[in-house]
Amino acid sequence: MSEVKETPVVKVEEAKGSLAQSAKSFLSGGFGGMAAVLVGQPFDLVKVRLQTTEGVYSGTMDCFKQIIKKDGVLGLYRGMSAPLASITPIFAVSFFSYDLGKKMVLAARSDKTERPLTLGEVTFAGAFSAVPTTMFMSPSERVKVVLQTSGDRFKGPVDVLKHLYQEGGLKSIFRGTGATLLRDSPGSAAYFVAYELIKKSLTPAGAAPDQLSLGSVVFAGGMAGVAMWSIAIPPDVIKSRLQSAPAGTYSGMLDCLQKTVRTDGTKALFRGLGPAILRAFPANAATFVGVEYSLKAMNALF
């Protein structure tokens with residue numbers, strides 16, 4: 001692959017072929033995932049409730065108020081056990097896969113140089129990161145959405161998994177995989193491109209990107225999350241509806257899309273945008289703080 005001269009370039013950490021570097025990418029992604037869940041869970045719960053109900057809530061703040069009134073503040077963390085247990089390895093896989101994607105585009109270059117990646121190459125690496133991640137993300141999202149929309153019907157994630165398997169086997173557990181990939185592949189491309197571009201713009205002349213201040217990492221990570229969710233909501237609505245509906249409600253993504261638009265109009269495809277954007281900045285700022293600072297700690301150790 002040859003570099004297109006007109007394409008702007010962004011500096012990214014040089015992709016190293018060592019096992020240690022891959023392990024660091026994996027572990028730092030895990031730390032970032034834990035931080036994201038702890039900060040973002042209340043907003044995610046509200047987003048899913050808005051996406052999967054009709055006429056129950058007047059808006060984002062009303063949803064927050066009703067949940068707290070009924071279940072208390074801890075009710076905002078309903079269903080958190082599933083993402084906390086799964087998002088840690090999922091984010092680990094995501095950042096590992098992004099690192100792998102960068103190595104792939106470097107290996108594909110005809111001149112085999114290690115110049116900074118082009119914007120197109122970063123886009124590919126970001127989009128590619130969603131492919132292996134989706135295989136872990138989809139069943140996790142399925143369990144989380146069921147827990148968030150079923151009240152007290154289930155005791156926890158394991159109980160949900162048993163129910164889903166009895167209902168339809170692995171097919172039921174992995175329902176919504178296509179919609180998850182449709183959401184996360186372009187979303188992850190936007191995510192990593194935005195982070196790298198903002199990170200580059202905030203790096204002082206002559207300084208290394210990994211020496212950015214905490215405030216700069218927070219801003220770059222938060223805006224990366226906003227960039228992702230600005231384009232990811234329509235497929236996320238379809239995913240949430242597919243994963244929360246009783247078996248047989250929809251025959252697939254296209255059927256879900258058609259029924260959603262026919263019943264609720266195109267505005268339904270953007271339901272949950274408010275809490276998603278509200279969540280995007282703090283949750284992803286926390287993600288990249290966890291990633292960058294755990295990476296620094298590991299680099300200092302080995």
Side-chain angles (χ1 to χ4, degrees), residues 33 36-38 40-57 60 63-64 66-68 70-72 74-91 133-184 187 229 232-253 255-257 259-260 263-264 268-269 271-272 275-276 279 283:
V37 172
L38 292 173
Q41 176 64 18
F43 300 99
D44 188 68
L45 173 65
V46 170
K47 172 181 70 68
V48 171
R49 290 283 181 89
L50 288 172
Q51 290 176 339
T52 56
T53 58
E54 179 65 33
V56 178
Y57 309 106
T60 300
C63 188
F64 269 113
Q66 287 198 42
I67 291 171
I68 293 173
K70 181 181 178 182
D71 301 320
L74 291 180
L76 293 171
Y77 288 87
R78 182 187 295 274
M80 190 179 75
S81 54
L84 191 59
S86 59
I87 288 297
T88 300
I90 285 169
F91 270 62
T133 306
T134 293
M135 298 311 297
F136 298 89
M137 179 70 82
S138 182
S140 168
E141 290 271 295
R142 172 81 158 120
V143 171
K144 180 197 72 175
V145 166
V146 170
L147 282 172
Q148 289 177 335
T149 58
S150 60
D152 298 320
R153 181 182 175 188
F154 300 104
K155 298 176 183 178
V158 175
D159 191 29
V160 173
L161 281 171
K162 288 179 181 178
H163 168 76
L164 294 177
Y165 188 77
Q166 290 171 354
E167 175 188 78
L170 290 176
K171 184 178 179 180
S172 178
I173 292 173
F174 280 86
R175 186 197 297 173
T177 297
T180 303
L181 184 61
L182 186 64
R183 178 195 70 177
D184 287 353
W229 282 101
I233 278 293
D236 187 61
V237 170
I238 300 305
K239 180 200 71 67
S240 293
R241 294 198 171 200
L242 279 171
Q243 293 182 326
S244 64
T249 304
Y250 306 111
S251 61
M253 283 191 295
D255 183 48
C256 183
L257 174 62
K259 288 180 177 177
T260 296
T263 304
D264 302 322
L269 296 175
R271 189 173 291 161
R279 173 188 179 274

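Keep in mind that the numbers below use all heavy atoms, side chains included, and drop hydrogens, waters and symmetry copies. For clarity, every value in this text was computed on a predicted model and none was experimentally measured. Throughout, numbering of the chain's residues begins at 1 and tracks the sequence.
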Separation between CD of Q51 and CZ of R241, rounded to the nearest 0.5 Å: 8.5 Å
Q243 backbone acceptor or donor facing E141 side chain under 3.5 Å: no
Test item: R175 side-chain N/O and A245 main-chain N/O as donor-acceptor pair under 3.5 Å: yes
Point-to-point distance, once rounded to the nearest 0.5 Å, from CE of M80 to CG of L38: 6.0 Å
Test item: R183 side-chain N/O and A232 main-chain N/O as donor-acceptor pair under 3.5 Å: no
Minimum heavy-atom distance V56-Q66, with the two atoms named: O-NE2, 3.1 Å
Short side-chain donor-acceptor distance under 3.5 Å, R142 and T177: no
Over all atoms of both residues, closest heavy-atom pair of S240 and T52: O-CG2, 3.8 Å
Check: S138 side chain, T134 main-chain N or O, donor-acceptor pair, under 3.5 Å: no
Residue pair W229 / D236, side-chain heavy-atom distance below 4.5 Å: yes
Heavy-atom neighbours of F136 CZ exceed 12 at 6.0 Å: no
CD1-SG distance between I68 and C63, expressed to the nearest 0.5 angstrom: 10.0 Å
Taking every non-hydrogen atom, the tightest pair across T249 and K259: O-NZ, 3.0 Å
Parallel, tilted or perpendicular, as decided by the 30° and 60° cut-offs, for the rings of F154 and H163: tilted
Smallest separation among heavy atoms of I233 and L269, with atom names: CG2-O, 3.2 Å
Intermediate values then yes/no, side chain to side chain contact (heavy atoms under 4.5 Å, CB included), K162 and K155: CA-CA 11 Å; K162 288 179 181 178; K155 298 176 183 178; over 6 Å; no
Separation of E167 CD from S172 OG (nearest 0.5 Å): 4.0 Å
Contact summary for L45 and G75, nearest pair of heavy atoms: CD2-O, 3.1 Å
Lys/Arg-Asp/Glu bridge criterion (N-O < 4.0 Å) met for D44, K47: yes
From L181 atom CG to M135 atom CE, the distance as rounded to the nearest 0.5 Å: 9.5 Å
Heavy-atom closest contact (G33 atom, I87 atom, distance): O-CG2, 3.6 Å
Lys/Arg N to Asp/Glu carboxylate O, R78 vs D152, below 4.0 Å: yes
Residues K239, D184: salt bridge by 4.0 Å N-O rule: no
Qualifying residue for side-chain contact (heavy atoms from CB on, under 4.5 Å) with Y250, from I238, L257, D255: D255
Step-by-step side chain to side chain contact (heavy atoms under 4.5 Å, CB included) determination, L147 to R153: CA-CA 8 Å; L147 282 172; R153 181 182 175 188; over 6 Å; no
Reported OG1-to-CZ distance for the pair T60 and F43, which is rounded to 0.5 angstrom: 10.0 Å
Donor-acceptor pair, side chain of T260 and main chain of C256, under 3.5 angstrom: yes
